[in-house]
Amino acid sequence: MIKLINVTKIFGNRVVLDNISFTLEDKLIAILGATGSGKTVLLKIISGLLKPDTGMVILSDRTSLGCVFQHAALFDSLTVEENIVLPLLETTDYSQQTIRTKLEQILDKLNLSFELLKRKCHNLSGGERKLVAIARAIITEPCYMLYDEPTSGLDSDTTLHITHVIKKLKIPGVLVTHDLKVIELLEISERYLLNMGQLKKID
Amino acid sequence: MNGAKIFYEIFNFIWFPFSVILASGKPKRTIDRLFDQLYEIGIESLPLIFVTSVFLGLVITIQTYYQISGMLPKYFLGLTVGRMVMIELAPVLSGLVITGRSVSAMAAEIGSMKITEQLDALRVMKIDPKYFLAQPRLLAVVIITPILNGVMLLVTLLIGAIYAQLFYHTDLSVFFYGLTHPFAPRIFWVSFIKSTIFGFWCGASGLYYGFKVEGGTKEVGKAVTNAIVTATVLILVLDFLVALIFF
């Protein structure tokens, strides 16, 4: 469970998040908002990258998070394979064989080809970058996923493909976007609008 | 910037490299990345170190001969060139080469990674960016700077000796006699202590400003400038402090 209680974040004179509270249990929720409305700030607060000025974020025991950043945040000097297995190599004691098996499972799940693995990330297309970012985020089997504009800058076919992948994963979490079409493609029922620092549920 | 802010900034800067050393992760993975950095910072710096050393050797021999010719015996050429290069020129210039080539690259690379959220991605994956990115770079620059200092020392003195033989009819044995009589081991090891200290703080400077970047590409440019300026000033200040302590 992820619970936000009265979270407020202020940058300079601008109140980006104003007393926001919500609880996330076991579904994927969507937060819609215009550019600069504070969606990314909210995700960064949930993931612990930013601290709220007031209020708190409570994550239940052994809650792990996976995060897909707006611009994928891949390490361009590494290959696709090195990017995907990085969290396992650095934070677990899994054997090479276990890591390989997990990698193969992820590739299968996301329908990614093996030949992509040896490519450097700076040679990938926008859609491929997002898929690799998703692969890297889910390889540790997180309890929740945080998606920051997962389809921004992608053409309609790739958007369709990415939303199909996210839907297939069925991992609960938070998806923020400025694009209502994405929420409809994902068939997310619980939707919020972030505007002027306020989070309001929309029907 | 008021006094408290300046003090806070200086404290942060001084503490930063120690926090990098203390960052924890898998040691084996750090060693793998360390070798990559040793290659990138060390091997790829060698051509520039060679060029700098060759011209340093030529200039310092010409200038020294001009000062002592007709007044002092020829072996003083080896003695003066050797001491100048060992005590001052090799450590300072190898530090400046590392600053221009690698410290700037570190600030730019880390800064760019920061603005493209790669550091955030590491944190979400529970990987400390200081352990993953900074530790191997800092270790590499601390290891490689004294080695480059040694290379510069060798090449400069060799070029100086050859030039002296060819143009000033100073036999190699006379040049090397001056170099080693009287031989003071302290001069030799202070040269390496100096370059190790320079490497540590120059590396710290590049990493610190890289990690501090907030904003966009303009800030990355500023970070590179700040890293180079700080590292250059630090080399000069630390050079003075080491001279004060050891001589």
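Here is the naming used below: chain letters follow the sequence lines, and residue numbers restart at 1 for every chain.
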Shortest non-hydrogen contact from [X] to [Y]?
X: B:Val124; Y: A:Leu65; answer: CG1-O, 4.1 Å
X: B:Arg29; Y: A:Leu86; answer: NH2-CD1, 4.2 Å
X: A:Asp93; Y: B:Lys26; answer: OD1-CE, 3.8 Å
X: A:Lys44; Y: B:Asp120; answer: NZ-OD2, 3.0 Å

Would you indicate whether the side-chain heavy atoms of A:Leu49 and B:Glu117 approach each other to under 4.5 Å?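 No, every pair of side-chain atoms sits at 4.5 Å or beyond.
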Stepwise side chain to side chain contact (heavy atoms under 4.5 Å, CB included) check, A:Phe69 with B:Gln118: CA-CA 9 Å; A:Phe69 290 85; B:Gln118 292 177 49; over 6 Å; no
About how many Å separate [atom2] of [Y] and [atom1] of [X], when rounded to the nearest 0.5 Å?
X: B:Lys126; Y: A:Ser64; atom1: NZ; atom2: OG; value: 7.0 Å
X: A:Gln70; Y: B:Thr116; atom1: CD; atom2: OG1; value: 12.5 Å
X: A:Ser77; Y: B:Met113; atom1: OG; atom2: CE; value: 6.5 Å

Any chance [atom1] of [X] has more than 12 other-residue heavy atoms, nucleotides or ligands included, within less than 6.0 Å?
X: A:His164; atom1: NE2; answer: no
X: A:Met1; atom1: CE; answer: yes
X: B:Tyr39; atom1: OH; answer: no
X: A:Lys168; atom1: NZ; answer: yes

Largest heavy-atom contact set with chain B, pairs under 4.5 Å, which of A:Ala133, A:Pro142, A:Ala73: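 That would be A:Ala73.
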Where does A:Ile46 contact chain B at under 4.5 Å (heavy atoms): side chain, backbone, both or neither?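 Nothing of A:Ile46, per the 4.5 Å heavy-atom cut-off to chain B.
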Side chain / backbone / both / neither for A:Leu74 at chain B, heavy atoms under 4.5 Å: backbone
